[in-house]
Amino acid sequence: MMRLLGPFSGLEEYVTENVPLARYTWIKLGGPARWFVRPRTLEELQEAARRCVENQIPIYVIGLGANLIVSDEGVNGAVFRLSEEYWRSVEFNEGAVKVGAGVDMQKLLLKAVRAGRAGLECLAGIPATVAGGIRMNAGGKYGSIGTLVSRVTVMDTEGTVFEQTKDDLVFDYRTCNIVAKFILGATLELEEDDPHRIVERTKEIWMFKRNSQPLNTPNAGCVFKNPGGGSAGQLIDQAGLKGMQIGGAAVSTKHANFIVALQGCKAEHVMQLMKMVRETVYYRLGVLLEPEVLIWP
Ligand code: EPU
């Protein structure tokens with residue numbers, strides 16, 4: 001193992017340098033992270049965060065990178081990923097499940113179905129980790145994760161861990177009021193139900209997604225937020241932009257609010273296409289769309 005010099009010296013077992021982020025984003029694009037941090041315990045997370053603060057290194061946190069565009073230049077900071085076993089615990093209790101930040105929502109949904117616990121079906125087909133899903137209040141027309149969250153454990157950049165409960169959590173459309181940098185875990189309320197009924201509901205929601213969204217081509221989820229009362233996808237479609245292409249980035253012909261990455265696609269192409277879509281929809285229909293995807297840096 002190469003010894004790291006500088007801000008993370010001594011932490012080389014879980015901090016690496018210049019790690020391409022393309023493989024960590026759902027759309028498979030993006031340049032390197034100057035530092036990539038995969039802590040295996042809370043203490044390691046605290047230590048790495050401390051080094052960042054001490055050396056004024058910007059902190060980024062990545063989940064499944066499913067609603068994220070990383071620029072081709074990458075990010076000059078430390079990207080944290082809570083994917084080690086320590087962050088993936090799942091514990092069913094009466095009426096709830098206690099989960100770690102790095103748990104994959106789709107795997108959790110499967111476990112919940114087997115355990116006869118209902119509530120997560122609304123997230124069928126939405127790629128996310130527990131922490132990423134909570135941060136962005138992942139969901140769709142069938143519901144979003146926020147309504148299930150009764151408690152979160154978070155950590156600020158100083159390494160202080162604390163809890164937030166339902167009464168001080170506010171979930172809104174693709175956002176929440178958690179300000180701490182790191183979400184470490186959560187308790188989700190799940191009701192008991194007949195596994196067959198849960199499976200049927202999950203299937204139905206998943207089928208809807210499969211039929212209306214380009215799940216098989218790399219993408220970053222819905223690109224723009226639905227404007228009050230309207231549908232971004234419908235507007236982009238109406239503006240005649242389905243199939244529009246810049247470089248390797250194309251507006252999906254299946255659902256116009258998705259941009260798919262074809263061969264040779266660069267993050268730059270996606271961003272140019274987003275700009276073009278935004279301007280065209282504004283020009284033709286008078287609606288200014290706001291991005292839903294996060295763009296790094
Ligand atoms: N529509 C079109 N053309 C298109 C796409 C959609 O005319 O190209 C029409 C549909 O026919 C429908 C309306 O627009 O009448 C709404 O479309 P859809 O039912 O597909 O839902 P959406 O509002 O576009 C939302 C979320 C999705 C979520 C789905 C399903 C947003 C921006 N989008 O899409 O979330 O998967 O509901 O629950 O909130 C995401 O957040 O990343 C995301 C994909």
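Counting starts at 1 for both ligands and their atoms, in listed order.
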Does atom 19 (O) of ligand 1 have any protein heavy atom closer than 4.0 Å? yes

If you count every heavy atom of other residues, nucleotides or ligands that lies below 6.0 Å from Q56 atom CD, does the total exceed 12? no

Does atom 10 (C) of ligand 1 have any protein heavy atom closer than 4.0 Å? no

Within the supplied structure, the quantity of interest is the number of heavy atoms (other residues, nucleotides, ligands) at a distance under 6.0 Å from K111 NZ; does it exceed 12? no

Just which atoms of ligand 1 are under 4.0 Å from any heavy atom in G221? 42 (O)

For ligand 1, indicate whether the residue C222 contacts it via side chain, backbone, both or neither (heavy-atom separation under 4.0 Å). both

Near G140 (heavy-atom distance under 4.0 Å), the atoms of ligand 1 are 28 (C), 38 (O)

Shortest protein contact, atom 41 (O) of ligand 1 (heavy atom only): E292 OE2, 2.6 Å

Using only heavy-atom distances, determine whether the side chains of E121 and T202 contain a donor-acceptor pair under 3.5 Å. no

Crowding at NZ, K28 (>12 non-hydrogen neighbours, <6.0 Å): yes

Is it the case that over 12 heavy atoms from other parts of the model lie below 6.0 angstrom from the NZ atom of K98? no

Quick check on contacts: which atoms of ligand 1 are under 4.0 angstrom from a heavy atom of N257? 32 (C)

Y282, OH atom: more than 12 neighbouring heavy atoms under 6.0 Å: no

Can you check whether K225 has an N/O within less than 3.5 Å of an N/O in ligand 1? no

Taking only Lys NZ, Arg NE, NH1 and NH2, and the carboxylate oxygens of Asp or Glu, determine whether K242 and D237 approach each other closer than 4.0 Å. yes

Any Q213 heavy atom less than 4.0 Å from ligand 1: yes

Check the surroundings of atom CG in N55: do more than 12 heavy atoms from other residues, nucleotides or ligands lie under 6.0 Å from it? yes

Please walk me through it: do E44 and R38 pass salt bridge (Lys or Arg N to Asp or Glu O under 4.0 Å)? CA-CA 9 Å; E44 290 186 350; R38 271 171 293 196; over 6 Å; no

May I ask you to check whether over 12 heavy atoms, not counting those of E192, lie within 6.0 Å of atom CD? no

Of the backbone atoms (N, CA, C, O) and the side-chain heavy atoms from C-beta on, which set of F224 has a member under 4.0 Å from an atom of ligand 1: side chain, backbone, both, or neither? backbone

Considering only the protein, which heavy-atom contact is closest to atom 8 (O) of ligand 1, and what is its distance? A256 N, 2.8 Å

Can you tell me how far the CZ atom of F80 sits from the SG atom of C52, to the nearest 0.5 Å? 4.0 Å

Starting at CG of N137, measure out to SG of C176 and round the result to the nearest 0.5 Å. 7.0 Å

With a cut-off of 4.0 Å, which atoms of ligand 1 are near a heavy atom of F208? 19 (O), 30 (C)

Taking only heavy atoms of K141, which atoms of ligand 1 are found under 4.0 Å from at least one of them? 18 (P), 19 (O), 30 (C), 37 (O), 38 (O)

Of the side chain and backbone of R174, name the one, both, or neither that has a heavy atom under 4.0 Å from an atom of ligand 1. side chain

K254-ligand 1 polar pair, N/O distance under 3.5 Å: no

Nitrogen or oxygen of Y142 less than 3.5 angstrom from that of ligand 1: no

For atom 16 (C) of ligand 1, tell me which residue out of S231, A66, S212 has the closest non-hydrogen atom. S231

Would you say the side-chain atoms of Q272 and E268 include a donor-acceptor pair closer than 3.5 Å? yes

For atom 17 (O) of ligand 1, the option (of H255, K242, Q234) bearing the nearest heavy atom: H255

State the atoms of ligand 1, each with its element, that fall below the 4.0 Å cut-off from a heavy-atom position in K209. 36 (O)

Y173 N/O to ligand 1 N/O under 3.5 Å: yes

Ligand 1-proximal atoms of N67, by part, heavy-atom distance under 4.0 Å: side chain

E85, CD atom: more than 12 neighbouring heavy atoms under 6.0 Å: no

Looking only at heavy atoms, is any part of D237 under 4.0 Å from ligand 1, and if so is it the side chain, the backbone, or both, or is it neither? side chain

Protein residue, atom and distance nearest to atom 25 (C) of ligand 1, heavy-atom basis: N226 ND2, 4.2 Å

